[in-house]
There are 2 protein chains.
Amino acid sequence: MPRSGAKTRDTIIVAANTLFYRFGIKATSLDAIAERAGVTKRTVYYHFRSKDDLIAEYLATRDQPNLEAFQAWFEQARGTLPERVRAIFDGVAETIGHARWRGCGFQRTVGELANKPGHPAFKVASAHKKRVESWLAYEFQQRGVPHPEDIACQVTLLLEGAFAAMLMHRDRRYVTQAGNAAACIVGHSLSGRSR
Amino acid sequence: MPRSGAKTRDTIIVAANTLFYRFGIKATSLDAIAERAGVTKRTVYYHFRSKDDLIAEYLATRDQPNLEAFQAWFEQARGTLPERVRAIFDGVAETIGHARWRGCGFQRTVGELANKPGHPAFKVASAHKKRVESWLAYEFQQRGVPHPEDIACQVTLLLEGAFAAMLMHRDRRYVTQAGNAAACIVGHSLSGRSR
DNA sequence: GTCTATAAGCCGATAGAC
DNA sequence: GTCTATCGGCTTATAGAC
């Protein structure tokens, strides 16, 4: 029985999301995605031009939720600005405790596609990370941080490092240290000796 | 004509090194490695138990050269300790300018194998990163940096972040910012307000 | 130690029916 | 919009000759 097109399409993306993130891009076949979505492979090809198309769509659905998670951790935190920045890393540390956590999906996807810089997923991943960075720069600028773009960039670098190190070592202390470093940098900038 | 066993083995590892790094782990077949090494696939299986075995050996050959590159950039730099730490990031920025640069091989490999935490390549990658971290901690401790292990950890987190961000954005300014942040953290620790 | 040959199965993508 | 069926090619790994 034909379902609504949008519904089937979403079901496929949800299945792709789970499998791409869990097993990786190359290791996940369209057969497996179709089976998990409860449709045939032919239906997947009706809704998506190719596997590469589906990869980019998978990442696109993670953009907004990930950004909102960072924003929620920051907004719900109390204390000074450095303490609230550290709260973002504390939030990340919590998600990492989940059994299904397997690093940053954006980072792992561009890592697999490193030899295809023109791949559509690259643009999606880069744009997502820049959205996070721009949001941080805005928050810092609103609170009188000098060179807010530079500080925001440095904090995002520590976030990237935390994701990578956590996946490699499976040791939550790396996220704690990244949060310490971020708080140090933000606090340092506020005390008037930026850069 | 049979060559020396060690020589054939090395030839295979060199070919694997090139292809695994350029195209990724899953995207590289043993057929391609054998062809590039100028041997048959059967010979590859004579020297290595499996593809997983070869992956771990590939990363193991990158451990020492990568560490030595970091050490050379640090040792050849002049100026204060923060400036010499920044020189490491300047060195990384140079390698990134190369056309064949495709991120950190350790990071990309564990990213692809994220669902196999028991894979031998995981241990090799983790051990390599910890060697870099331990070396930095030693250098910091020798120069009177308080909490040298913490500062070394934070600098390696910035290195990881620089690798990931550079691959994603292909913008060298991320490495510069990472170097700025690292120099800031090291300088801050020396001025007596560590952590 | 290295070869030829092949097993046994999975891959992305497409043809054509309904 | 979704199905069944299949193409041509690639994958890891192994058998057995020399």
Side-chain angles (χ1 to χ4, degrees), chain A residues 1-59 108-109 112-116 118-122, chain B residues 1-59 109 112-113 115-116 118-122:
Chain A
M1 172 120 51
R3 281 170 294 187
S4 120
K7 192 176 178 185
T8 300
R9 187 185 157 89
D10 286 350
T11 305
I12 294 167
I13 290 184
V14 168
N17 201 322
T18 303
L19 296 179
F20 280 149
Y21 180 70
R22 183 177 304 170
F23 300 109
I25 303 298
K26 263 276 184 184
T28 298
S29 70
L30 290 183
D31 282 293
I33 292 170
E35 185 183 3
R36 187 178 179 91
V39 299
T40 63
K41 196 160 47 173
R42 190 64 187 84
T43 300
V44 175
Y45 274 98
Y46 174 82
H47 289 282
F48 302 92
R49 206 172 309 170
S50 64
K51 184 178 182 179
D52 288 330
D53 200 27
L54 186 52
I55 296 165
E57 297 259 19
Y58 141 62
L59 282 190
R108 284 175 55 213
T109 300
E112 276 206 60
L113 303 173
N115 198 47
K116 302 176 178 176
H119 195 289
F122 251 95
Chain B
M1 173 120 51
R3 283 169 291 188
S4 120
K7 192 176 179 184
T8 300
R9 187 185 157 89
D10 287 350
T11 305
I12 294 168
I13 289 184
V14 168
N17 202 322
T18 303
L19 297 178
F20 280 149
Y21 180 71
R22 184 177 303 170
F23 301 110
I25 304 298
K26 261 278 184 182
T28 298
S29 69
L30 289 184
D31 281 293
I33 292 170
E35 185 182 3
R36 187 178 179 92
V39 300
T40 63
K41 198 160 43 175
R42 190 64 187 83
T43 300
V44 175
Y45 275 99
Y46 175 81
H47 289 282
F48 302 92
R49 204 172 311 168
S50 64
K51 184 178 181 178
D52 289 330
D53 199 27
L54 186 52
I55 297 166
E57 297 260 18
Y58 141 63
L59 282 190
T109 300
E112 277 206 58
L113 303 174
N115 198 47
K116 301 175 180 177
H119 195 289
F122 250 95

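Keep in mind that this is a model prediction, so the values were computed, not measured. Quick note on labels: first sequence line is chain A, next is B, and so on, each numbered from 1.
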Mark up nucleotides 9-18 of chain C, 5' to 3', with B wherever a protein heavy atom is under 4.0 angstrom from a base atom, S wherever such an atom reaches only the sugar-phosphate, and - elsewhere. --SBBBBB--
If the cut-off is 4.0 Å, is T8(B) near the phosphate of dT2(C), judged by side-chain N/O to OP1 or OP2? yes
When the rotation axes relating C1' atoms of four end pairs to the next four are compared across the helix from dG1(C)-dC18(D) to dC18(C)-dG1(D), five pairs an end, they differ to 10° by 0°
Is the distance from OP1 or OP2 of dT2(D) to the nearest side-chain N or O of T40(A) less than 4.0 Å? no
Is the phosphate of dC3(D) approached by T43(A) (side-chain N or O, under 4.0 Å from OP1 or OP2)? yes
D53(B) CG to dT12(D) P: how many Å, rounded? 14 Å
Would you call F20(A) and I55(A) a side-chain contact if the rule is heavy atoms closer than 4.5 Å? yes
For the CD1 atom of I25(B) and the NE2 atom of H119(B), what is their distance to the nearest 0.5 Å? 8.0 Å
Atom CD of E35(A) to atom P of dC3(D): distance rounded to whole Å? 13 Å
Quick one: pull up OG1 in T11(A) and CD1 in I33(A) and give me the separation to the nearest 0.5 Å. 13.0 Å
F23(A) side, atom CZ; E112(B) side, atom CD - distance, nearest 0.5 Å: 14.5 Å
Do any pairs count as a side-chain hydrogen bond (donor to acceptor under 3.5 Å, both in side chains) and have a residue in residues 21-30 of chain A, sequence neighbours left out, and if so which ones? none
Could you list the residues that satisfy salt bridge (charged side-chain N to carboxylate O under 4.0 Å, His left out) with D31(B), not counting sequence neighbours? K41(B)
Taking the side chain as every heavy atom from C-beta outward, state whether Y46(A) and T8(A) have any atom pair closer than 4.5 Å. no
Got a sec, which residues hit side-chain contact (heavy atoms from CB on, under 4.5 Å) with F48(B), two or more places apart in sequence or on another chain? R9(B), I12(B), I13(B), V44(B), D53(B), L54(B), E57(B)
Among dT4(C), dC3(D), dG1(D), which is the nearest nucleotide to the side chain of Y46(A)? dG1(D)
Between D10(B) (CG) and dG1(C) (C1'), how many Å, whole number? 15 Å
